[in-house]
Each structure stands twice: as C-alpha cells, then as structure tokens.
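Okay, structure first, notes after.
Because the structure is a prediction, the values reported are computed rather than measured.
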Amino acid sequence: MDDISPARDTTTPDPPRDRPRRRRLPAALVAGALMTLALVLTAALAPLLPLPDPDTGSLAQRLLPPGSPGHLLGTDGQGRDLLSRLVWGTQPSLVVGFLPVLVAGVIGTLLGIVAGLGGRGLENAVMRSLDVLFAFPAVLLAIAIAASLGAGLTSLIIALSTILVPAVARVVVTEVARLRELDFMQAAQASGATWPTIALRHVLPGIVPPVTVYCSALVGLSIVLGAGLSFLGLGVAPPRAEWGAMLDDVRQHIFVAPLLTLIPAAAIFLASVAFNVLGEGLRRHFDVRSRYTV
C-alpha cells in the first residue's frame, strides 16, 4: 500500500531579517547634556533653595573655611555665604554664556549665508570687514568694548557677541562653499529657484548641525571670557553674585584663605568643561567632521 502521508518540508526557513538597531547617543552627549541640565536647574531653582541671602554677610564670620557650621563652603571677605553666592552666581554666568553665543550665532549665520551665496564680490566685502575684528586679540577687543560701554551685564553681552560673530560667520561661509558644490544645489540654481528659497530650503538645513556643534563649544568659552571681564570689574555690578566677581573678591585673601579661591574657579572650570563635552557629543551625534577649532 502506497504511503500517502504528506511529504515533510525539508527546506530551511528564511532567516529572520535583522532589525535595524537604534543609534545610541554618544556618551559625551549624554554626559554633557546632564551637566548642562544640572547648571540650568541650579540657576532656575536658586530662589527656591533654603540658602542665606547671597548679598548679606557678617564681618564677624568673614573668611570661614569650608565645612564651617552653617556655611558649607565657607564665607568670603565680607562674611557672605559662598555656597549661596555660588548658586546665585549661576544665573548671570549662564546668561553671559548663552546670550552672546545666541546673538553671534544668528548674526554670524546671516552674514555667512549672504557672503556664501552673494557672489565673490559680496563675500570678499563681508569677510574682509569681519577680518578687521580678527586683527585684534579677542580678549583685548572685548575689554576695550566693555570698558567703552561701561561696566554692566549688557555691556558684557555686547562685547562678547562682537568678538564671536566673525568666528561663526567664517564657519558658515565654509559650509556654504561646500554645499555649493553639491548636485542638489546646482540643480536648484539651474531650476531658477530664488535666493531666499535656496537659503532657507537647501542651505540652512545643511549648516544647522555644524553651527550648533560650534556654538555649543563657544558657550563654554563665553563663560570663561565673561568671568574674566567680571574679574577685571567690567562685568556684573556688585554686590550681585557672579563667578568672576567672586574670584576677584577672594583673590585679595589668597594667602590667608587659599581654599576659598578654588570654589569659584572650580565652578568656571566645570561649566566650561560641560559645554565642551556637550559640543563633542553633538559633533559625534551629527557626525560633523572636526574641522573647526574654538
């Protein structure tokens, strides 16, 4: 009797397709974002924290060392609590870091796009004008501008924005020149697209990643420069707490209480490191080649 049982399927099943792996965020981006978030939260929550008045002190408690009862980080030369001043000083320090870079990013991007798409003559006119600012050392130029405008937060922002615009514009011009050689840009020009259309639909999306990476690193530089100008008395007016001004306050007591000078210096250093790490993480995330130095 014939075997009428169904034949077994000896064919091997198709292997399952590999699922696309999720792209992990770079460790530097996560670390930089967490450090930046900590700084922003510190600045935002300063009014809610149970801290002493940062502008009020007692001469009887001046220059207390870190770990003193009631003053975790000690007190400055006027008896003001250093922890309170450090926390409250985060606000103006971040403003000095973010605002000049934001202003320089917007103005520098506009100038760079105009110079990159406006032809050789317009590019030379814009870039040679910005080269005048490059002819002066950035720190000395910032000091001169801040001193001429008078001490204050507004003067500090204007001075730092002025010295950062040429650097951003140069990055944008370089990126626009690279994009001009690509096929889609030449096709857009050949199709008769207007200059604003090319700038908004083709150029701007292409330059956002490198400009974002570059500007994130500039925030750390802006904080350091702003603290330096405040240290020279050209920044935030006393008695408002600011890291550079705090460093100047404790500088005159460096031989009596050297540990106190490390507190605002460490805050400036860590903030600068946070934004540089964030910039490196963004560079890896966007896969932007490290062609630019700050």
Do side-chain atoms of [X] reach the backbone of [Y] as a donor and acceptor pair under 3.5 angstrom?
X      : Y      : result
Ser230 : Gly226 : yes
Trp243 : Leu86  : yes
Ser216 : Leu278 : no
Thr75  : Arg80  : no
Thr261 : Val250 : no
Ser148 : Ile145 : yes

Locate the shortest heavy-atom distance separating [X] from [Y]; write the atom from each residue and the value.
X      : Y      : value
Ala151 : Gly233 : CB-O, 3.5 Å
Ala43  : Thr90  : CB-CG2, 3.8 Å
Ser161 : Ala104 : O-CB, 3.9 Å
Gly281 : Pro26  : O-CG, 3.8 Å
Val96  : Ser222 : O-OG, 2.6 Å
Leu153 : Arg240 : CD2-NH1, 4.2 Å

Hey, does [Y] have a side-chain heavy atom less than 4.5 Å from the side chain of [X]?
X      : Y      : value
Leu29  : Arg284 : no
Ile163 : Phe136 : no
Val165 : Leu111 : yes
Ser272 : Leu221 : no
Leu259 : Leu262 : yes
Glu242 : Ser93  : yes
Thr109 : Leu204 : yes
Phe275 : Leu218 : no

(Q) Run the side chain to side chain contact (heavy atoms under 4.5 Å, CB included) test against Val87 and tell me which residues pass, sequence neighbours left out. (A)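 Here the qualifying residues are Thr42, Ala46, Leu49, Leu51, Leu83.
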
Q: For the pair Ile158 and Val103, evaluate side chain to side chain contact (heavy atoms under 4.5 Å, CB included) and give the outcome as yes or no after the intermediate values.
A: CA-CA 9 Å; Ile158 293 175; Val103 173; over 6 Å; no

Would you find more than 12 non-hydrogen atoms of other residues, nucleotides or ligands less than 6.0 Å from [X] atom [atom1]?
X      : atom1 : answer
Phe98  : CZ    : yes
Phe134 : CZ    : yes
Arg128 : CZ    : yes

So if you build clusters from Ile, Leu, Val, Met, Phe, Trp, Tyr with side-chain heavy-atom gaps below 4.5 Å, do [X] and [Y] land together?
X      : Y      : answer
Ile157 : Leu141 : yes
Val219 : Phe269 : no
Trp88  : Leu270 : no
Val273 : Leu41  : no
Leu149 : Leu164 : yes

Q: Return yes if a side-chain donor-acceptor contact under 3.5 Å exists between Thr56 and Asp53, otherwise no.
A: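 Indeed, the side chains of Thr56 and Asp53 share at least one donor-acceptor pair under 3.5 Å.
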
[atom1]/[X] to [atom2]/[Y] distance, rounded to the nearest 0.5 angstrom?
X      : Y      : atom1 : atom2 : result
Met246 : Arg251 : CE    : CZ    : 14.5 Å
Ile207 : Thr174 : CD1   : OG1   : 11.0 Å
Ile254 : Gln252 : CD1   : CD    : 11.5 Å
Ile143 : Leu232 : CD1   : CG    : 5.5 Å
Leu64  : Leu260 : CG    : CG    : 9.0 Å
Leu73  : Asp81  : CG    : CG    : 7.5 Å

Q.
One pair to check against side chain to side chain contact (heavy atoms under 4.5 Å, CB included): Leu160 and Leu229. What are the steps and the verdict?
A. CA-CA 10 Å; Leu160 294 177; Leu229 294 178; 4.3 Å; yes

Q) Any salt bridge between Asp55 and Arg85, counting N to O under 4.0 Å? A)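 Salt bridge: yes.
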
Q | Cationic N near anionic O, under 4.0 Å, Arg170 to Asp131 | A |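 Looking at Asp131 together with Arg170, the answer is yes, because their closest N to O distance falls below 4.0 Å.
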
Q.
With side chain to side chain contact (heavy atoms under 4.5 Å, CB included) as the criterion, how do Ile107 and Val168 come out once you've worked through the C-alpha distance, each side chain's angles and the decisive distance to 0.1 Å?
A. CA-CA 8 Å; Ile107 297 176; Val168 177; over 6 Å; no

Q: Apply side chain to side chain contact (heavy atoms under 4.5 Å, CB included) to the pair Leu63 and Asp76, showing each step before the final yes or no.
A: CA-CA 5 Å; Leu63 299 179; Asp76 62 6; 5.7 Å; no

Q | Qualifying side-chain hydrogen bond (donor to acceptor under 3.5 Å, both in side chains) pairs with a residue from residues 60-70, counting only residues at least two apart or across chains | A |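 Only Gln61-His71 qualify under side-chain hydrogen bond (donor to acceptor under 3.5 Å, both in side chains).
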
